Undergrad: 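I am attaching a structure below and will ask some questions about it afterwards.
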Amino acid sequence: MIINLMVDIQARKDEHIKLALENKLQSNNSNWLENVQLIHNALPDIDFSDIDCSMNFLGKKISAPLIIDSLTGGTEKGKVLNQILAETAQELNIGMGVGSQRISLDDPSVENTFSIVRESAPDIPIIANIGIAQIIQMSDLDSINRIIDPIKANALAIHLNPVQEIIQPDGDTKLAGSLQKISEIKEKVKIPVIIKEVGSGISSEVAKKLVGSGIEILNIAGVGGTSFAKAESIRAKTIGDKLKKKIGENLFNWGIPTAASILECRSVADKSLTIIGIGGIRSGLDMAKAMAIGANLCGMAQPMLRYADKGKANLNKFIQSIIVELKSVMFLTGCSSLTKLYNAPKILQSPLREWVLDRKLR
Ligand SMILES: Cc1cc2nc3c(=O)[nH]c(=O)nc-3n(C[C@H](O)[C@H](O)[C@H](O)COP(=O)(O)O)c2cc1C
């Protein structure tokens with residue numbers, strides 16, 4: 001029974017990687033960052049070389065406000081990719097999350113597909129990962145240390161993925177008691193707990209509940225990037241599940257666009273809440289816009305995977321180009337530091353503007 005489950009999870013993980021590499025998981029909707037207009041500064045009055053985009057994150061100083069978001073682990077292919085991702089994150093001194101570690105709770109023999117990340121990246125912030133459905137099912141919450149310790153994680157991310165679970169054949173849809181379990185696990189672990197979405201965004205109502213439970217970091221992963229409805233709909237088609245395929249197709253773009261989700265969450269708490277802006281972030285300009293409207297830092301998943309698949313040198317070059325672009329936009333807005341970028345002048349255009357007004361976010 002356990003062996004069958006393991007094989008199923010491994011097949012699903014590898015299939016997600018394959019579909020992402022084939023560029024089949026991109027949402028049809030944008031992340032709405034095109035509705036954020038940063039105001040050009042013709043008189044920056046700073047030297048480009050003085051621009052500093054380093055920041056403190058999870059007790060470590062990272063060189064740029066960027067993480068490689070949770071992607072993989074649990075399979076041989078995942079191990080190879082994790083090593084490339086981690087070595088590059090270490091070289092560039094940025095953060096990294098591992099993919100869901102549920103599989104290594106069931107089968108410790110795959111633990112090395114995750115621990116390779118800490119072995120390859122001794123100095124960076126590394127984030128462990130598990131789904132809320134697994135936390136709900138855990139009878140002994142101490143077992144969470146079995147995923148934290150092997151990677152010496154600096155934080156634990158708990159992913160919320162109701163869209164995926166509803167479409168995925170045999171998805172876990174028993175989510176009653178989620179908030180209570182989040183509070184319990186937060187008390188249990190000695191590292192910060194991050195609550196993350198996987199591509200449908202977090203609303204102010206949900207953010208309020210989480211902040212009320214003591215959560216200080218949200219990874220909002222909104223609509224506009226990877227769509228798990230697409231992933232599961234394609235998989236449902238493969239196995240002939242017509243109903244799930246159809247529901248998946250209708251929910252391809254379900255959720256809150258990244259720009260709107262950042263504003264939703266920032267409306268709930270000011271400095272005490274760290275927001276990681278994710279979901280269709282594809283450039284340094286996207287990063288700058290996300291941070292000007294409320295994100296403290298940003299992350300990317302799908303592009304990191306695609307460049308990692310082409311080798312470490314390609315991934316390194318891609319990330320460096322993103323950081324140079326971010327610094328270019330900081331220059332053009334006269335911001336020598338991230339603190340200044342967080343307060344850069346901007347306007348919000350339609351439909352983001354209406355969203356903010358209707359939702360009374362300001
Ligand atoms: C192939 C693939 C696998 C993923 N696996 C996980 C996972 O195991 N756990 C998780 O929390 N998020 C997972 N994600 C979601 C990402 O971490 C991220 O939140 C989401 O893809 C949005 O970012 P993007 O638009 O830059 O891809 C995965 C994404 C992709 C593309």
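Atoms within a ligand are numbered from 1 in the order they appear, just like the ligands themselves. Note that the structure is a prediction, hence the values are computed from the model and not measured.
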Undergrad: Return the option from Ser70, Ser227, Ser27 holding the heavy atom at the smallest distance from atom 16 (C) of ligand 1.
TA: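 Result: the heavy atom closest to atom 16 (C) of ligand 1 is in Ser70.
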Undergrad: Is ligand 1 less than 4.0 angstrom away from at least one heavy atom of Leu25?
TA: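 For ligand 1, residue contact (heavy atoms, under 4.0 Å) with Leu25 is absent.
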Undergrad: Do the side chain of Glu325 and the main chain of Gly284 share a donor and acceptor less than 3.5 angstrom apart?
TA: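 Checking the backbone N and O of Gly284 against the side chain of Glu325, a donor-acceptor pair under 3.5 Å is found.
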Undergrad: Is the closest heavy atom of Gly279 to ligand 1 under 4.0 Å?
TA: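 So Gly279 counts as touching ligand 1.
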Undergrad: Near Arg353 CZ, under 6.0 Å, is it more than 12 heavy atoms from other residues, nucleotides or ligands?
TA: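 Not more than 12 within 6.0 Å, no.
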Undergrad: Which residue owns the protein heavy atom closest to atom 1 (C) of ligand 1, what's the atom, and how far is it?
TA: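 That would be His16 O, 3.7 Å.
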Undergrad: Just checking, any donor-acceptor pair under 3.5 angstrom between side chains of Ser70 and Asn129?
TA: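 Checked: Ser70/Asn129 side chains pair up, N/O donor to acceptor below 3.5 Å.
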Undergrad: If we ignore angles and hydrogens, is there a donor and acceptor under 3.5 Å between the side chains of Asn29 and Ser27?
TA: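 There is no such pair (donor and acceptor under 3.5 Å, judged by atom type) between the side chains of Asn29 and Ser27.
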Undergrad: Is Gly99 close to ligand 1, meaning an N/O of one under 3.5 Å from an N/O of the other?
TA: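 Such a contact does not occur with ligand 1.
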Undergrad: Does Asn129 approach ligand 1 within less than 4.0 angstrom via side chain, backbone, both or neither, non-hydrogen atoms only?
TA: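 Contact part for Asn129 vs ligand 1: side chain (C-beta onward).
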Undergrad: Heavy atom of Met304 under 4.0 Å from ligand 1?
TA: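 Heavy atoms of Met304 never come under 4.0 Å of ligand 1.
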Undergrad: Quick one: nearest non-hydrogen protein atom to atom 18 (C) of ligand 1, plus distance?
TA: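 Looking only at protein heavy atoms, the one closest to atom 18 (C) of ligand 1 is Asp69 OD2, 3.3 Å.
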Undergrad: Check each of Lys196, His159, Arg306 against atom 12 (N) of ligand 1 and report the one with the nearest heavy atom.
TA: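 That would be Lys196.
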Undergrad: Does Lys237 have more than 12 heavy atoms from other residues, nucleotides or ligands lying within 6.0 Å of its NZ?
TA: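 It does not: Lys237 NZ has 12 such atoms or fewer within range.
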Undergrad: For the residue pair Asn316 and Gln320, confirm or rule out a side-chain donor-acceptor distance under 3.5 Å.
TA: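 Distance-only check passes for Asn316 and Gln320.
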Undergrad: Would you mind checking which non-hydrogen protein atom is closest to atom 8 (O) of ligand 1, with the distance to 0.1 Å?
TA: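 Scanning the protein heavy atoms, the shortest distance from atom 8 (O) of ligand 1 goes to Ser100 N, 2.8 Å.
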Undergrad: Which of the atoms in ligand 1, numbered in the order shown and given with their element, are less than 4.0 Å from a heavy-atom of Gly225?
TA: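 Here the atoms of ligand 1 in question are 25 (O).
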Undergrad: Is it the side chain (CB and beyond), the backbone, both or neither of Gln302 that lies under 4.0 Å from ligand 1, heavy atoms counted?
TA: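 Answer for Gln302: both.
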Undergrad: Do Asp69 and Asn219 meet the criterion of a side-chain donor-acceptor pair at a distance under 3.5 Å?
TA: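 Yes, a side-chain donor-acceptor pair sits under 3.5 Å.
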Undergrad: Identify the protein heavy atom lying closest to atom 20 (C) of ligand 1, giving its residue, its atom name and the separation to 0.1 Å.
TA: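 Going by distance alone, atom 20 (C) of ligand 1 is nearest to Val198 O, 3.5 Å.
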Undergrad: Within this structure, what is the CG-CZ distance for the pair Leu21 and Arg306, rounded to the nearest 0.5 Å?
TA: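 These two atoms lie 7.5 Å from each other.
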Undergrad: How far does OG1 of Thr75 sit from CD of Glu15, to the nearest 0.5 angstrom?
TA: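 Result: 12.5 Å between the selected atoms.
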Undergrad: How does Ala221 reach ligand 1, if at all, at less than 4.0 Å between non-hydrogen atoms: by side chain, backbone, both, or neither?
TA: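 The answer is the side chain.
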Undergrad: Are the side chain of Ser261 and the backbone of Pro257 linked by a donor-acceptor contact shorter than 3.5 Å?
TA: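 A pair under 3.5 Å: no.
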Undergrad: Which protein heavy atom lies closest to atom 27 (O) of ligand 1, and at what distance to 0.1 Å?
TA: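 Result: Thr226 OG1, 2.5 Å.
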Undergrad: What distance do Glu264 atom CD and Ile202 atom CD1 have between them, rounded to the nearest 0.5 Å?
TA: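 Result: 11.0 Å between the selected atoms.
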Undergrad: Does Leu71 have a heavy atom less than 4.0 Å from any atom of ligand 1?
TA: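 The answer is yes: ligand 1 sits under 4.0 Å from a heavy atom of Leu71.
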Undergrad: Which option wins on minimum heavy-atom distance to atom 25 (O) of ligand 1: Gln26, Arg282, Met300?
TA: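 The residue whose heavy atom sits nearest atom 25 (O) of ligand 1 is Arg282.
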Undergrad: Under 4.0 Å from any heavy atom of Lys13, which atoms of ligand 1 are there?
TA: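 Near Lys13, meaning under 4.0 Å from one of its heavy atoms, ligand 1 has 8 (O).
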Undergrad: Please state whether the rings of Trp32 and Trp355 are parallel, tilted or perpendicular, taking 30° and 60° as the class boundaries.
TA: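 Because their plane-to-plane angle is over 60°, the rings of Trp32 and Trp355 count as perpendicular.
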Undergrad: Roughly how far, to the nearest 0.5 Å, is the CZ atom of Arg235 from the CD atom of Gln164?
TA: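 Rounded to the nearest 0.5 Å, the CD-CZ separation comes out at 8.0 Å.
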Undergrad: Report the part of Ile278 in contact with ligand 1, treating N, CA, C, O as backbone and CB onward as side chain, heavy atoms under 4.0 Å; options are side chain, backbone, both, neither.
TA: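 Just the side chain.
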Undergrad: What protein heavy atom lies closest to atom 29 (C) of ligand 1? Include the residue and the distance to one decimal.
TA: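 Closest protein heavy atom to atom 29 (C) of ligand 1: Phe228 CZ, 3.7 Å.
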Undergrad: Within a distance under 4.0 Å of any heavy atom of Gly280, pick out the atoms of ligand 1 and give their elements.
TA: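 Every atom of ligand 1 under 4.0 Å from some heavy atom of Gly280: 25 (O).
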